[in-house]
Asks: 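What follows is a structure written as structure tokens; I'll ask about it next.
Naming convention: chains lettered A, B, ... in sequence-line order (proteins, then strands); numbering from 1 in each chain. Just so it is clear, the model here is predicted, and its values are computed rather than measured.
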Protein chains: 2
Amino acid sequence: MAEFAKSGNCFSCELKSSMFCLLTDIQLDEINSNRQQVTFKKGETIFKSGGPLTHILCITSGMVKIFLEDKNNKKNLLLKIAKPTQLIGGPGFLVDELHHITAIALEDTKTCFIKVSDFKEIMAENSKFAFEFIKYRNERVIFYFQRLMDLTHKQTHGKIADTLLYLASEVYGSDSFDTLLSRQDLADMSAMTKESVIRIIKEFVESGIIACNNHHHFEIIDKNKLMKISKTG
Amino acid sequence: MAEFAKSGNCFSCELKSSMFCLLTDIQLDEINSNRQQVTFKKGETIFKSGGPLTHILCITSGMVKIFLEDKNNKKNLLLKIAKPTQLIGGPGFLVDELHHITAIALEDTKTCFIKVSDFKEIMAENSKFAFEFIKYRNERVIFYFQRLMDLTHKQTHGKIADTLLYLASEVYGSDSFDTLLSRQDLADMSAMTKESVIRIIKEFVESGIIACNNHHHFEIIDKNKLMKISKTG
DNA sequence: CTGTTATGTTGATATATCTCAATCTTTTGT
DNA sequence: ACAAAAGATTGAGATATATCAACATAACAG
């Protein structure tokens, strides 16, 4: 099991690849001595909205979908796909110490659990670490602002364009990718029904904007057009 | 001009009423010596999305609407109404040092400008202050999560119910209130058109859920019913 | 006080999107 | 390999909401 290291193969995470490099050797020892590695199978729930937020976790391998749940309407909103070296926790930290998001493994996934109390201690000792955390949180807020605007003001074509562009640039790092997401996941990500997702993907394929083979392989052919659709909504 | 004080009439703000009480005398001196008071007239822009985030400001008197702007579609999303003793800044802090929200005075408003650099310094020195800030930010994220769910999954009746309940509980602290918000503002807050807002308010009045006189006075009559509408969407 | 501008209201119409149900395809477990 | 379950697709129909245009009322400035 890889350790958080001060230099060399520094354990990177979304908070900032350099974040753990800010720690002293003693702080790293403390984190490393208290970590637990846990493996989840495809489809397993890693943590659930409403549950206690006792650990912040770091994804070592695999992929995780993170979403908001509504008990009443059983409508979900998929917020992001988390990948290796990203930390996942949630905004309950320092508030109610509960999870406000649900995390489910999209494939077999290895994670490291870091105790929230350890996180807090180090943050109190190390202001640079705290600053990086605030920076990360603020970046997320900016991201959520964009989501709020996109999901409330754009219509279906624009929202699907957004989703495809997000997957290509942020998740798979390529305009040609295989995804583990179902049509329902794409719908949850775009705040619409799976039927609408299917129809719009079909339209995009027919007009040569994208290609889509076996339901899960996507290829963005005309990126300019897709970005234009994203812009005009 | 009231000073931030360590004890007694502690200058409260949304970050946490006790937040400034966490500072040392020296830190308070530093903040107080660098503050500037600025008054805005009704309708004036306090800061604009895209502009430089050089100061965090505290509302001394008046009311401010804070919203996300979209240049292309000229569709806004009203995020909150800020009141006296609340701090307004934005998620650009420690990220790009730009504003991502726009603030406009709903009535004559007095504000105090605190330099972002002062804020940073104190946060580096005082971990409790930093923790309060993180807590505040996380609370906002939880709020935005709720907005994302409500605005994307509820339909017009539920969204108007949410808006009215928010104004009553969070802004005016009473089920009977006069608001400075226009029908368009209510629409921007509920992610719909002003025509729809008007029609639904009319329905609510006709079915005895609320009363609404001179366009700006609202009274929630049947709160249970309104909350039920909010829940069922 | 009065004309002008901004805001609110109403109705008719268009349309985007959801819903529901049937069918087809893929994946999964034994 | 096969049956069963889960996911994807298609179409027809319903409906919520936006759009547009006309008009009414309130706010404002000279």
Asks: Need to verify one output field. Residue with the more 5' nearest nucleotide on DNA chain D, K42(B) or K159(B)?
Replies: K159(B)
Asks: Mind calculating the distance between CD (Q155(B)) and C1' (dA14(D)) to the nearest angstrom?
Replies: 13 Å
Asks: Relative to each other, are the rings of H99(A) and F47(A) parallel, tilted or perpendicular (30° and 60° limits)?
Replies: parallel
Asks: If you take any heavy atom closer than 4.0 Å to DNA chain D, which residues from residues 201-217 of chain B end up in contact?
Replies: H215(B)
Asks: Could you walk me through whether F145(A) and Y144(B) pass the ring pair (Phe, Tyr, Trp, His ring centres under 6.0 Å) test, one step at a time?
Replies: CA-CA 8 Å; F145(A) 281 177; Y144(B) 296 134; 5.0 Å; yes
Asks: For the pair E170(B) and K80(B), evaluate salt bridge (Lys or Arg N to Asp or Glu O under 4.0 Å) and give the outcome as yes or no after the intermediate values.
Replies: CA-CA 9 Å; E170(B) 304 294 318; K80(B) 80 164 181 178; over 6 Å; no
Asks: Please state how far atom CD in E195(B) lies from atom C1' in dT7(C), giving the value in whole angstrom units.
Replies: 12 Å
Asks: Whole angstroms only, please: what is the NZ-P distance between K194(A) and dG11(D)?
Replies: 16 Å
Asks: Could you state the CG-P distance from D185(A) to dA6(D), rounded to the nearest angstrom?
Replies: 15 Å
Asks: Might you point out which heavy atoms bring I88(B) and A103(B) nearest each other, and give the distance in Å?
Replies: CD1-CB, 4.3 Å
Asks: Rounding to an integer number of Å, can you tell me how far I198(A) CD1 sits from dT26(C) C1'?
Replies: 13 Å
Asks: Keeping the roles fixed (side chain from D108(A), backbone from K42(A)), state whether a donor-acceptor pair exists under 3.5 Å.
Replies: yes
Asks: For I200(B) versus T156(B), what's the shortest heavy-atom pair and its separation?
Replies: CD1-CB, 3.1 Å
Asks: To the nearest Å, give me how far apart CE (M192(B)) and C1' (dG8(C)) are.
Replies: 17 Å
Asks: Within 45 degrees of the axis of the six-membered ring of F67(B) and under 6.0 Å from its centre: does K65(B) put its NZ or CZ there?
Replies: yes
Asks: Should S196(B) be listed as having a side-chain N or O under 4.0 Å from OP1 or OP2 of dA18(D)?
Replies: yes
Asks: Any donor-acceptor pair, under 3.5 Å, between the side chain of R199(A) and the base of dT19(C), if you only look at N and O atoms?
Replies: yes
Asks: For D162(B), which of Q146(B), R147(B), K154(B) qualifies under side-chain hydrogen bond (donor to acceptor under 3.5 Å, both in side chains)?
Replies: K154(B)
Asks: When you measure from the side chain of S182(A) to the backbone of D185(A), do you find a donor-acceptor pair of N or O atoms at a distance under 3.5 Å?
Replies: yes
Asks: Quick one: bend of the helix from dC1(C)-dG30(D) to dT30(C)-dA1(D) from 5 pairs per end, to 10°?
Replies: 60°
Asks: Would one find a side-chain N or O of T156(A) under 4.0 angstrom from OP1 or OP2 of dA16(C)?
Replies: no
Asks: Once you round it to whole Å, what is the distance between P of dT28(C) and CD of E107(A)?
Replies: 13 Å
Asks: Take atom NZ of K154(A) and atom C1' of dT17(C), then tell me their distance rounded to the nearest Å.
Replies: 18 Å
